[in-house]
Amino acid sequence: MALVVQKYGGTSVGDVDRIRNVARRVAKTYDDGNDVVVVVSAMSGETNKLVALANELCDFPSEREYDVLVSTGEQVTIALLSMCLQSMGYKAKSYLGHQIPIFTDSTFSKARIESIDDKNIREDLNNGTIIVVAGFQGIDHDGNLTTLGRGGSDTSAVAVAAALKADVCEIYTDVDGVYTTDPRIVADATKIEKISYDEMLEMASLGAKVLQIRSVEFAKKYGVIVHVRSSFNDNPGTLVTKEDEDMETVLVSGVTYNKDEAKISVMGVPDKPGVAAKLFTPLTTSNITVDMIIQNVSNDGLTDLTFTVPRGDFKKALKAVEETAREIGAAGVRSDENIAKVSIVGVGMRSHSGIASKMFRVLSQEGINIQMISTSEIKVSCVIDAKYTELAIRVLHQAFGLDKKDSKAE
Ligand code: ADP
Ligand code: ASP
Ligand code: MG
């Protein structure tokens, strides 16, 4: 008998029939002799609707109230799934984050899980109950509701699996695994049987939203084996696990994109010590993560600084940057929301050169201008005009030998 944590995303619980389908899968796992903890997201589109309501009312909604609002979507699905399981004759009980409790820090809208008390869940599991947990939410130490950032139910599931020392954490979604790139963009994308935590971390942080990045951080830290699968079929999925030797032989294992960032440029910044700190400190204080940063060569003591921020934080970031730009006497601020970051990822890159230059060549052959570049040991990212995203992904996927028909990587 094993302890299985299963997470079902928004599409998988998108309507009543799909909730029934999830209930049947959960029941089967239980009937096979396992203890089952299910983590669910809100029905697809619901969280977006809640965010839109908040934005319609005010430009800068209170962060505390934002979390009170957006965490409600999951309350609906835990109740519906529990009812459905009960109507099928199973013992099932729903839990909101604070009823477990799942403790987080107080960073509203992107809180980090700090600890999970497993006492209540264990008692219920011991008397044969199927536990249904609301993903995406927790409670801070002052009793405020918090949420874990978009896509956060993945993290709830892996964290619950870690706390309960579950045998496996199955992430059920609307594709049957992690692919070499988004299978909705490249029909020839190949399913990856097994991927290392580090590669998955890079892919997730570079936009492969099939897993939220923090869920992979948790899985790596606590050695949770994650199995990404489809809730619509029984195909074997992708195992996210420790790196093994054959993983190194693949140079580029995936191509990712992120259209959820925006670019801000501060022009004519005085090139002297302390200026960058002045610009970025207000962003850090507001918990805005700055991603890529480039500073131009200085000309007459002035330089330009360009960086990217999550699009959800764009308005807040722009306001803060405009204030600081005035204070430091910069010439002006420009911004662009129509950008995309395309990246190639692979642990094999560590030991090979020429990968970045090949990427630049492939993009240039399509007339795609590269606005920013950043690299790490196992990835290369380029910021381009958003309108070329799909083209860039397709040509890179093909150039690095990832298409299904020639699945031999270069
Ligand atoms: P859920 O609602 O189940 O959490 P998400 O929409 O968050 O599902 O994530 C699944 C989606 O991730 C897929 O529909 C797919 O379009 C997208 N995706 C992006 N990159 C990848 C990739 N490399 N492999 C698989 N899916 C990907
Ligand atoms: N419902 C939340 C969201 O849409 C969390 C999740 O789906 O994982 O971001
Ligand atoms: Mg998701």
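Counting convention: from 1, in listed order, for ligands and their atoms alike. Count residues from 1 along the sequence.
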Look at [X] together with [Y] and state whether they make a salt bridge at an N to O cut-off of under 4.0 Å.
{"X": "R20", "Y": "D17", "answer": "yes"}
{"X": "R184", "Y": "D174", "answer": "yes"}
{"X": "R326", "Y": "E322", "answer": "no"}
{"X": "K220", "Y": "D198", "answer": "yes"}
{"X": "R25", "Y": "E170", "answer": "no"}
{"X": "R394", "Y": "E366", "answer": "no"}
{"X": "K110", "Y": "D313", "answer": "yes"}

Short N/O distance, under 3.5 Å, between S12 and ligand 1?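 No; the residue has no nitrogen or oxygen that sits under 3.5 Å from a nitrogen or oxygen of the ligand.
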Polar proximity ligand 1 side, G207 side, N/O cut 3.5 Å exclusive: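 Between G207 and ligand 1 (N or O atoms, distance only) the closest approach is not under 3.5 Å.
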Nearest protein heavy atom to [atom], by residue and atom, and its distance?
{"atom": "atom 2 (O) of ligand 1", "answer": "G10 N, 3.2 Å"}
{"atom": "atom 6 (O) of ligand 1", "answer": "K209 NZ, 3.4 Å"}
{"atom": "atom 3 (O) of ligand 1", "answer": "T173 OG1, 2.7 Å"}

Aromatic rings F280 and F307: how do their planes relate, parallel, tilted or perpendicular, breaks at 30° and 60°?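 Because their plane-to-plane angle is over 60°, the rings of F280 and F307 count as perpendicular.
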Assign the ring pair Y30 / Y90 to parallel, tilted or perpendicular, where the plane angle (0 to 90°) is split at 30° and 60°.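 Perpendicular.
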Please answer whether the main-chain N or O of N127 pairs with a side-chain N or O of K91 as donor and acceptor at a distance below 3.5 Å.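 Yes, the answer is positive, given that a donor and an acceptor are paired below the 3.5 Å cut-off.
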Counting distance only, does the side-chain N/O of D304 pair as donor-acceptor with the main-chain N or O of N296 below 3.5 Å?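 The answer is no, because no donor-acceptor pair under 3.5 Å joins these two groups.
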Short list, please: which atoms of ligand 1 are under 4.0 Å from a heavy atom of [X]?
{"X": "A208", "answer": "20 (N)"}
{"X": "R184", "answer": "13 (C), 14 (O), 15 (C), 16 (O)"}
{"X": "M203", "answer": "23 (N)"}
{"X": "Y179", "answer": "22 (C), 23 (N), 24 (N), 25 (C)"}
{"X": "G177", "answer": "24 (N), 25 (C)"}
{"X": "D174", "answer": "10 (C), 11 (C), 13 (C), 14 (O)"}
{"X": "V178", "answer": "24 (N)"}

Of the listed options (L206, T181, D182), which comes nearest to atom 17 (C) of ligand 1 when hydrogens are ignored and any heavy atom counts?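 The nearest heavy atom belongs to D182.
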For the residue pair E261 and T308, confirm or rule out a side-chain donor-acceptor distance under 3.5 Å.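 Looking only at side-chain atoms, T308 and E261 do form a donor-acceptor pair, the distance falling under 3.5 Å.
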For ligand 2, list the protein residues that place a heavy atom within a distance below 4.0 Å of one of its atoms, sorted by chain and number.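 Residues near ligand 2: S41, A42, T47, E74, F136, R150, G151, G152, S153.
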Sub-4.0 Å heavy-atom approach of K7 to ligand 1: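 Yes, K7 has a heavy atom closer than 4.0 Å to ligand 1.
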With a 4.0 Å cut-off on heavy atoms, does P183 reach ligand 1?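 Right, P183 reaches ligand 1.
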Can you tell me which residue pairs pass the side-chain hydrogen bond (donor to acceptor under 3.5 Å, both in side chains) test with a partner in residues 283-293, sequence neighbours excluded?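 Pairs touching residues 283-293 that pass the test: D291-K341.
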In a check of side chain to side chain contact (heavy atoms under 4.5 Å, CB included) between T180 and each of T190, V186, D188, D403, which one passes?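 So, applying the side chain to side chain contact (heavy atoms under 4.5 Å, CB included) to T180 and each of T190, V186, D188, D403, only T190 qualifies.
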I need the contact type for V175 against ligand 1. Using non-hydrogen atoms and a strict under-4.0 Å cut-off, is it side chain, backbone, both or neither?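 Within the 4.0 Å criterion, V175 contacts ligand 1 through side-chain atoms alone.
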